[in-house]
Amino acid sequence: NEGMLALLTRYLRHSPYRVFSANSFDKALAVLHDAHPDIVLVDIMMPDHDGWEFIEAACKLGHRRPRIIVCSVIDDPELALSLGADAFLQKPVDRPRLLRTLEAVSDEGTPLFREAPILQR
């Protein structure tokens with residue numbers, strides 16, 4: 001949703017991360033293919049598809065696959081991990097937690113779920 005996109009963009013304004021946003025499944029796929037992001041935050045509830053479908057598409061990229069953080073009100077980190085996500089943030093998300101999670105997934109590819117001990121795939 002536009003409000004969440006604006007909030008996350010504001011949270012990351014003075015961070016080392018470059019932000020691309022998309023408000024639909026097709027736009028998100030275009031960003032994925034054109035910008036080749038290192039990390040993707042995906043909400044499960046999308047207007048035209050769901051985030052699980054996006055994760056499936058991202059995982060098909062093989063070695064170019066970005067790290068995936070699921071950011072959702074749906075509290076199911078185990079499902080997110082089983083479908084290919086590297087981290088899970090339950091909404092509402094605050095800036096410190098977002099930055100810690102981004103840092104964790106960008107640090108040597110270590111998966112982090114709820115800032116808990118590492119879970120192996």
Side-chain angles (χ1 to χ4, degrees):
N1 80 39
E2 295 296 327
M4 183 54 103
L5 289 173
L7 178 67
L8 294 174
T9 300
R10 189 171 65 238
Y11 282 172
L12 298 172
R13 184 174 298 136
H14 299 293
S15 74
Y17 301 99
R18 184 172 175 202
V19 177
F20 298 90
S21 62
N23 60 2
S24 73
F25 183 84
D26 290 334
K27 288 179 184 177
L29 282 180
V31 169
L32 187 65
H33 290 288
D34 296 342
H36 307 289
D38 296 316
I39 302 171
V40 174
L41 268 70
V42 62
D43 195 339
I44 298 308
M45 297 172 17
M46 296 177 130
D48 47 359
H49 290 274
D50 64 44
W52 305 126
E53 292 173 273
F54 181 82
I55 292 169
E56 182 180 357
C59 287
K60 289 180 180 176
L61 293 174
H63 70 281
R64 291 187 350 197
R65 173 203 174 298
R67 306 294 291 172
I68 299 168
I69 300 170
V70 170
C71 180
S72 181
V73 296
I74 299 170
D75 185 18
D76 200 342
E78 290 78 19
L79 178 59
L81 176 67
S82 72
L83 294 175
D86 299 290
F88 181 85
L89 286 170
Q90 186 173 9
K91 290 180 182 177
V93 176
D94 61 27
R95 186 175 191 271
R97 212 163 39 107
L98 173 62
L99 291 173
R100 282 193 306 269
T101 303
L102 286 167
E103 184 177 315
V105 298
S106 63
D107 181 26
E108 299 178 25
T110 302
L112 176 76
F113 268 71
R114 293 183 183 208
E115 303 159 57
I118 302 304
L119 299 175
Q120 296 297 321
R121 285 190 216 202

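Just so you know, residue 1 is the first one in the sequence shown, and it goes up from there.
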key: Any L12 side-chain heavy atom under 4.5 Å of L99 side chain   = yes
task = Quick one: closest heavy-atom pair of G84 and I68, and the distance?
result = O-CD1, 4.2 Å
remark   = For F88 and A80 the tightest heavy-atom approach is CD1-CB, 4.1 Å
message = Taking F20 as the starting point, is it possible to reach I55 by hopping between hydrophobic residues whose side chains are less than 4.5 Å apart?
response = no
request  = Kindly compute the distance separating OG (S21) from CE (M4), expressed to the nearest 0.5 Å.
outcome  = 13.0 Å
key: Separation between SG of C71 and CG of L98, rounded to the nearest 0.5 Å   = 7.5 Å
hydrophobic_cluster_shared for L5 and V40, side chain cutoff 4.5 Å = no
request  = State whether the number of non-hydrogen atoms from other residues, nucleotides or ligands found under 6.0 Å of N23 atom CG is greater than 12.
outcome  = yes
message = Is the ring pair F25/F54 parallel, tilted or perpendicular, if the boundaries are 30 and 60 degrees?
response = perpendicular
note = Between R95 and H14 the two heavy atoms that sit nearest each other are NH2-O, 4.0 Å
ask   = Considering all heavy atoms of both residues, which atom of C59 and which atom of L83 are nearest to each other, and what is their separation?
value = SG-O, 4.0 Å
request  = Could you check if a side-chain atom of P66 sits within less than 4.5 angstrom of a side-chain atom of L61, using non-hydrogen atoms only?
outcome  = yes
query = Nearest 0.5 Å, what's the CD-CG distance between E56 and D50?
reply = 9.5 Å
Nearest heavy atoms of R65 and R67, plus distance in Å = NH1-CA, 3.8 Å
ask   = Are the side chains of L29 and K27 in touch, meaning some heavy atoms are under 4.5 Å apart?
value = no
ask   = For the atom pair OG1 (T101) and CG (L89), what is the distance rounded to the nearest 0.5 Å?
value = 4.0 Å
ask   = Within the distance-only criterion (no hydrogens, no angle test), does the side chain of R97 pair as donor or acceptor with the backbone N or O of P92 below 3.5 angstrom?
value = yes
request  = Could you tell me the separation between the OH atom of Y17 and the CG atom of L41, rounded to the nearest 0.5 Å?
outcome  = 10.0 Å
ask   = Can you name the closest pair of heavy atoms from S82 and L79 and give their distance?
value = OG-O, 2.8 Å
ask   = CD1 of I39 to CG of D86: how many Å apart, nearest 0.5 Å?
value = 9.0 Å
query = Just wondering, do R100 and E103 contact through their side chains at under 4.5 Å, heavy atoms?
reply = no
